[in-house]
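Since we're looking at a predicted model, the values are computed, not measured. We number each residue from 1, following the sequence as shown. Hydrogens, waters and symmetry mates play no part in the numbers below; they use all other heavy atoms, side chains included.
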Amino acid sequence: MAVKIKLKRLGKIRAPHYRIVVADSRTRRDGRAIEEIGLYHPVQNPSRIEVDSERAQYWLSVGAQPTEPVLAILKLTGDWQKHKGLPAPAPLLAPATKEDKRRSFDEFAKALEGDDAKGEAITQKAKKADKKADEAAAESTESTEA
């Protein structure tokens with residue numbers, strides 16, 4: 001029997017959350033699981049990831065294969081590196097507070113004040129209009145000089 005570590009989807013249509021489960025590879029996505037070893041809530045900001053490291057290490061050591069999404073989660077938490085004997089990854093960043101966000105926005109706004117950028121979105125139509133305006137200005141300066 002092949003064992004997989006995979007995500008079991010729960011939640012509403014536009015508010016999914018997942019459980020990291022160990023299951024037989026032949027069972028359906030939300031089917032019966034052998035054991036639940038973690039949580040993953042991607043909609044929360046920042047994403048909530050909880051993995052029972054001890055159980056994940058056990059299942060990896062007995063040959064359970066993680067799916068690609070679970071492998072990415074295990075790499076974030078450092079469990080995959082621990083299993084493979086690689087150096088641990090950098091710790092996950094703590095969520096930014098409103099004060100930090102406001103400070104970074106103020107710094108960005110100050111940087112833009114000195115900039116001569118128009119601050120407009122550039123689309124193909126806007127580029128064509130700017131080009132026509134430049135050509136018209138060039139023609140008018142030529143006619144006044146002559």
Side-chain angles (χ1 to χ4, degrees), residues 1-139 141:
M1 171 173 89
V3 178
K4 290 266 188 186
I5 303 175
K6 56 187 178 179
L7 295 176
K8 179 178 183 178
R9 189 182 195 280
L10 302 166
K12 298 178 183 177
I13 291 175
R14 288 180 183 80
H17 57 276
Y18 301 90
R19 290 188 183 153
I20 302 170
V21 297
V22 178
D24 182 2
S25 63
R26 297 170 290 186
T27 60
R28 59 184 188 268
R29 177 189 69 180
D30 301 335
R32 188 169 175 221
I34 298 170
E35 183 179 358
E36 294 179 1
I37 61 170
L39 300 171
Y40 174 52
H41 294 261
V43 178
Q44 290 182 359
N45 191 9
S47 298
R48 179 178 167 197
I49 299 172
E50 292 179 18
V51 178
D52 184 356
S53 183
E54 184 178 311
R55 296 307 297 164
Q57 291 300 314
Y58 167 76
W59 283 107
L60 289 170
S61 69
V62 295
Q65 295 297 311
T67 59
E68 287 185 24
V70 173
L71 181 62
I73 291 170
L74 292 176
K75 285 181 179 178
L76 283 175
T77 60
D79 292 318
W80 183 254
Q81 288 86 340
K82 190 186 296 183
H83 170 67
K84 290 292 186 179
L86 301 172
L92 296 176
L93 298 176
T97 62
K98 286 187 177 183
E99 184 179 314
D100 293 339
K101 290 179 182 177
R102 187 175 299 121
R103 187 179 307 122
S104 65
F105 179 76
D106 291 341
E107 291 170 3
F108 179 72
K110 287 178 184 177
L112 281 182
E113 286 176 2
D115 207 4
D116 293 334
K118 292 181 181 179
E120 299 175 5
I122 297 179
T123 61
Q124 293 297 326
K125 288 182 180 180
K127 287 181 181 178
K128 289 179 183 177
D130 287 343
K131 189 182 269 187
K132 287 181 182 178
D134 291 340
E135 290 173 1
E139 289 177 12
T141 56

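Minimum heavy-atom separation, Ala33 to Ala23: CA-CB, 4.1 Å. Here the shortest heavy-atom pairing between Asp24 and Ala2 reads OD1-O, 3.1 Å. Minimum heavy-atom separation, Glu50 to Ile20: O-CD1, 4.4 Å. Scanning both residues, His17 and His41, for their nearest heavy atoms gives CB-ND1, 3.1 Å. Residues Pro69 and Leu7 approach most closely at CB-CD1, 3.8 Å, considering heavy atoms. The nearest pair of heavy atoms linking Thr27 to Lys6 is O-NZ, 3.0 Å.
In this structure, the side chain of Gln65 does not engage the main chain of Ile5 through any donor-acceptor pair within 3.5 Å. The main-chain N or O of Arg9 is found under 3.5 Å from a side-chain atom of Asp30 such that the two form a donor-acceptor pair.
Applying side-chain contact (heavy atoms from CB on, under 4.5 Å) to Ile37 and the options Val21, Val22, Val70 leaves one that passes, Val22.
Annotation: the span from Lys75 atom NZ to His83 atom NE2 amounts to 12.0 Å, rounded to 0.5 Å. Note that CG of Leu74 and NZ of Lys82 are 11.0 Å apart. Values are rounded to the nearest 0.5 Å.
Contact of the Val43 side chain with the Pro16 side chain is registered, since non-hydrogen atoms from C-beta on lie closer than 4.5 Å. Residues Gln81 and Pro89 form a side-chain contact, since some pair of their non-hydrogen atoms from C-beta on lies under 4.5 Å apart. For the pair Ile73/Trp80, no side-chain contact is recorded, criterion being any heavy-atom separation below 4.5 Å from C-beta on. Looking at Arg29 and Lys8, their side chains never come closer than 4.5 Å, going by heavy atoms from C-beta outward. Contact check for Val51 versus Leu39: no side-chain heavy atoms found under the 4.5 Å cut-off.
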Worked check of side chain to side chain contact (heavy atoms under 4.5 Å, CB included) between Arg19 and Tyr40 = CA-CA 6 Å; Arg19 290 188 183 153; Tyr40 174 52; over 6 Å; no

